[in-house]
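Chain A is the first sequence line, chain B the second, and so forth, proteins listed ahead of strands; every chain is numbered from 1. None of the values given here were measured: they were computed from a predicted structure.
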Number of protein chains: 2
Amino acid sequence: MHQDPEQLFTYIRSISELSEESVEALGGVISPVEFRKGDYLLKEGEICAAIFFITKGYCRSVQYSDGSEINMDFYFENDFASNIRSLSQRTASGYAIQACEALRAIRIDRDKLLEAYKRSPQIEAFGRKLLEMMMARQEEHAGLFKLLDAAERYRWLQQHQPEMIRREPLTQLASYLGVSRETLSRIRAKK
Amino acid sequence: MHQDPEQLFTYIRSISELSEESVEALGGVISPVEFRKGDYLLKEGEICAAIFFITKGYCRSVQYSDGSEINMDFYFENDFASNIRSLSQRTASGYAIQACEALRAIRIDRDKLLEAYKRSPQIEAFGRKLLEMMMARQEEHAGLFKLLDAAERYRWLQQHQPEMIRREPLTQLASYLGVSRETLSRIRAKK
DNA sequence: GCCATTTTGTGATCTTTATCACAGGTACAA
DNA sequence: TTGTACCTGTGATAAAGATCACAAAATGGC
């Protein structure tokens with residue numbers, strides 16, 4: 001028996017109520033999945049049909065723009081990765097989600113989740129909570145570029161996402177912070 | 001009788017199901033409100049307790065950062081304005097929401113909405129849909145600064161939010177686009 | 001360990017954008 | 001109409017960051 005679903009249930013219990021019946025109902029919605037480094041959880045242009053709860057390893061959302069690739073976000077253990085826009089509006093995704101290392105995750109199927117909402121108010125509440133959390137994360141993020149310069153953004157990351165700095169090579173971080181790798185290297189050099 | 005609530009119901013019907021009972025239930029959740037130019041729908045540091053559906057006029061979310069103010073977003077007729085992060089986590093808002101002109105809106109009370117969720121699955125579905133829409137809006141937005149330079153962001157705005165360019169003075173737009181007003185003026189000048 | 005490959009550091013130069021300064025414009029009130 | 005306040009345009013200069021080029025360091029197979 002796979003232990004990863006239990007990690008998801010534990011996590012959900014930490015943010016909302018979850019009875020045994022709801023766990024039962026969620027069982028039909030989720031499935032453990034594995035990816036190798038470089039594999040895609042979601043490809044650019046696909047319609048996103050699931051939310052992934054990362055249990056081991058990490059991945060990135062990445063957008064390809066005239067030749068070069070730009071990292072939009074990173075998702076680590078206990079994060080939820082998805083393209084909510086594509087998921088809810090059933091439109092093609094503008095970016096891909098790709099494993100940066102060997103990755104284990106719990107796949108939460110969109111259609112089955114919508115079904116489960118009808119059967120369990122607790123699952124419904126979790127779904128809303130999930131959206132709120134993803135929204136909050138992005139709302140926090142959104143302001144960074146307008147408010148801070150390159151060095152300040154890096155310092156913000158040090159304080160708020162040290163995990164990212166520890167695990168991600170400089171070149172990838174630079175693309176995430178919206179600066180060239182040379183500039184980030186120089187920011188790091190001084191103090 | 002105030003006609004603005006009907007504008008909200010019409011809007012909700014355009015994105016999800018809404019029975020007469022649900023309209024009834026929503027009645028207890030919402031209230032029409034008015035603001036004068038410059039009034040605050042939400043002040044910096046307050047805990048956000050409502051979502052505002054704009055029926056007439058427009059407002060902005062604005063963050064104050066060492067002396068100067070920076071426009072985070074603008075909300076026009078049929079937009080929903082709120083700080084979801086503050087609303088759901090009951091934390092102090094990092095920004096204010098302020099009327100740019102005389103404003104009419106429907107105030108959707110957070111606590112009453114949470115109550116209504118329990119009574120009506122349709123309202124619950126609307127709540128989720130609402131979050132999804134706000135999320136999608138922000139997800140689209142978030143990439144702009146990483147992907148585009150100043151001139152490209154302005155052109156993006158021309159295509160996707162012409163309303164904003166028509167109604168908002170250059171100085172305000174510049175702060176929204178994350179450039180100085182001089183730079184935006186020069187972008188406008190050429191072509 | 002050793003080589004090939006990838007990643008990071010650093011200087012020189014170029015581009016974009018900010019900042020400063022000031023001049024026209026526009027709106028609105030007395 | 002005549003201010004007064006605010007908004008916009010434009011030049012000059014400064015600063016931040018990109019780009020190019022290459023060297024040093026780290027990493028991963030074998």
Side-chain angles (χ1 to χ4, degrees), chain A residues 36-39 57-60 62-71 74 98-103 143-158 162-191, chain B residues 36-38 57-58 60 62-72 74 98-102 143-158 162-191:
Chain A
R36 282 160 307 169
K37 177 175 179 173
D39 282 355
Y58 74 104
C59 59
R60 61 171 181 165
V62 57
Q63 193 155 349
Y64 304 94
S65 164
D66 49 64
S68 66
E69 44 182 54
I70 289 165
N71 294 321
F74 293 97
Q98 186 183 34
C100 298
E101 333 177 312
L103 188 83
L144 283 189
F145 283 81
K146 240 175 287 192
L147 293 167
L148 308 178
D149 69 14
E152 290 169 329
R153 291 201 293 278
Y154 181 71
R155 261 178 261 125
W156 183 93
L157 212 62
Q158 284 184 311
E163 188 76 358
M164 213 180 279
I165 291 181
R166 225 172 344 193
R167 294 172 73 171
E168 194 59 24
L170 175 142
T171 306
Q172 300 300 323
L173 277 180
S175 143
Y176 175 70
L177 287 169
V179 297
S180 68
R181 50 173 206 82
E182 292 94 332
T183 297
L184 182 54
S185 173
R186 282 186 257 262
I187 287 170
R188 247 185 198 174
K190 68 177 75 147
K191 185 166 176 296
Chain B
R36 284 160 305 170
K37 178 176 179 173
Y58 74 104
R60 60 171 180 164
V62 57
Q63 192 155 349
Y64 302 94
S65 163
D66 49 63
S68 65
E69 44 182 55
I70 289 165
N71 295 320
M72 307 302 287
F74 293 97
Q98 185 183 33
C100 298
E101 334 176 310
L144 284 189
F145 283 80
K146 240 174 287 191
L147 294 166
L148 309 178
D149 68 15
E152 289 169 330
R153 292 203 291 278
Y154 180 71
R155 260 177 263 127
W156 184 92
L157 212 61
Q158 285 183 309
E163 188 76 0
M164 213 180 277
I165 291 181
R166 223 171 349 193
R167 293 172 74 171
E168 195 59 23
L170 176 141
T171 305
Q172 300 299 325
L173 277 181
S175 142
Y176 176 69
L177 287 169
V179 297
S180 66
R181 47 173 208 82
E182 292 95 333
T183 297
L184 183 55
S185 174
R186 282 185 254 261
I187 287 170
R188 246 186 198 171
K190 66 176 74 151
K191 184 167 176 297

Exercise for the section: Compute the bend angle of the helix from C:dG1-D:dC30 to C:dA30-D:dT1 from the end axes (five pairs per end), rounded to 10°. Expected result: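 Rounded value for the end-axis angle: 50°.
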For the [atom1] atom of [X] and the [atom2] atom of [Y], what is their distance to the nearest 0.5 Å?
X        : Y        : atom1 : atom2 : value
A:Arg155 : A:Asp149 : CZ    : CG    : 7.5 Å
A:Lys146 : B:Leu144 : NZ    : CG    : 8.5 Å
A:Cys59  : A:Lys37  : SG    : NZ    : 14.0 Å
B:Thr171 : B:Glu182 : OG1   : CD    : 9.0 Å
A:Leu177 : A:Glu152 : CG    : CD    : 12.0 Å

Quickly work out the [X] [atom1] to [N] [atom2] distance and round it to whole Å.
X        : N      : atom1 : atom2 : result
B:Lys190 : D:dT8  : NZ    : P     : 19 Å
B:Glu182 : D:dT10 : CD    : P     : 13 Å
A:Tyr154 : C:dT8  : OH    : P     : 11 Å
A:Arg188 : C:dT8  : CZ    : C1'   : 9 Å
A:Leu148 : D:dA16 : CG    : C1'   : 15 Å
A:Ile70  : D:dA18 : CD1   : P     : 12 Å
B:Arg186 : D:dG11 : CZ    : C1'   : 7 Å
B:Leu184 : D:dT10 : CG    : P     : 13 Å

Between [Y] and [X], is there a side-chain heavy-atom distance shorter than 4.5 Å?
X        : Y        : value
A:Asp39  : A:Leu103 : no
B:Glu163 : B:Phe74  : no
B:Tyr176 : B:Met164 : yes
B:Arg188 : B:Ile165 : yes
B:Arg167 : B:Glu101 : yes

Give the minimum heavy-atom separation between [X] and [Y], together with the two atoms involved.
X        : Y        : answer
B:Leu184 : B:Leu170 : CD2-O, 3.7 Å
B:Phe145 : B:Gly178 : CE2-CA, 4.1 Å
B:Ser175 : B:Glu69  : OG-O, 3.8 Å

Practice task
Using a cut-off of strictly less than 4.0 Å between a heavy atom of the residue and any atom of DNA chain C, enumerate the qualifying residues of residues 163-170 of chain B by number.
Solution key: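 Nothing qualifies; none.
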Exercise for the section: Would you give a per-nucleotide map of nucleotides 24-30 of chain D, 5' to 3', where B means the base has a protein non-hydrogen atom under 4.0 Å away, S means only the sugar-phosphate does, and - means neither? Expected result: -------
Handout entry: Flag, side chain of A:Arg181 to backbone of A:Ala174, donor-acceptor distance under 3.5 Å
Key =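 No, because the side chain of A:Arg181 does not come within donor-acceptor range (under 3.5 Å) of the backbone of A:Ala174.
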What pairs of nitrogen or oxygen atoms, one from the protein and one from nucleotides 22-27 of chain C, lie under 3.5 Å apart?
none

Polar-atom pairs under 3.5 Å, protein N or O versus N or O of nucleotides 13-17 of chain C: list them with distances, or write none.
unit_1, atom_1, unit_2, atom_2, d
C:dT17, OP1, B:Ala150, N, 3.4

Practice task
Start with the C-alpha distance between B:Arg60 and B:Glu168, add both sets of side-chain angles, then the distance that settles salt bridge (charged side-chain N to carboxylate O under 4.0 Å, His left out), and finish with yes or no.
Solution key: CA-CA 10 Å; B:Arg60 60 171 180 164; B:Glu168 195 59 23; over 6 Å; no
Handout entry: Residue-phosphate contact under 4.0 Å: B:Thr171 side-chain N/O, D:dT8 OP1/OP2
Key =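 Result: yes.
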Exercise for the section: Would you please name every residue forming a ring-ring contact (aromatic ring centres under 6.0 Å, His included) with A:Tyr154, sequence neighbours left out? Expected result: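 ring-ring contact (aromatic ring centres under 6.0 Å, His included) list for A:Tyr154, sorted by chain: empty.
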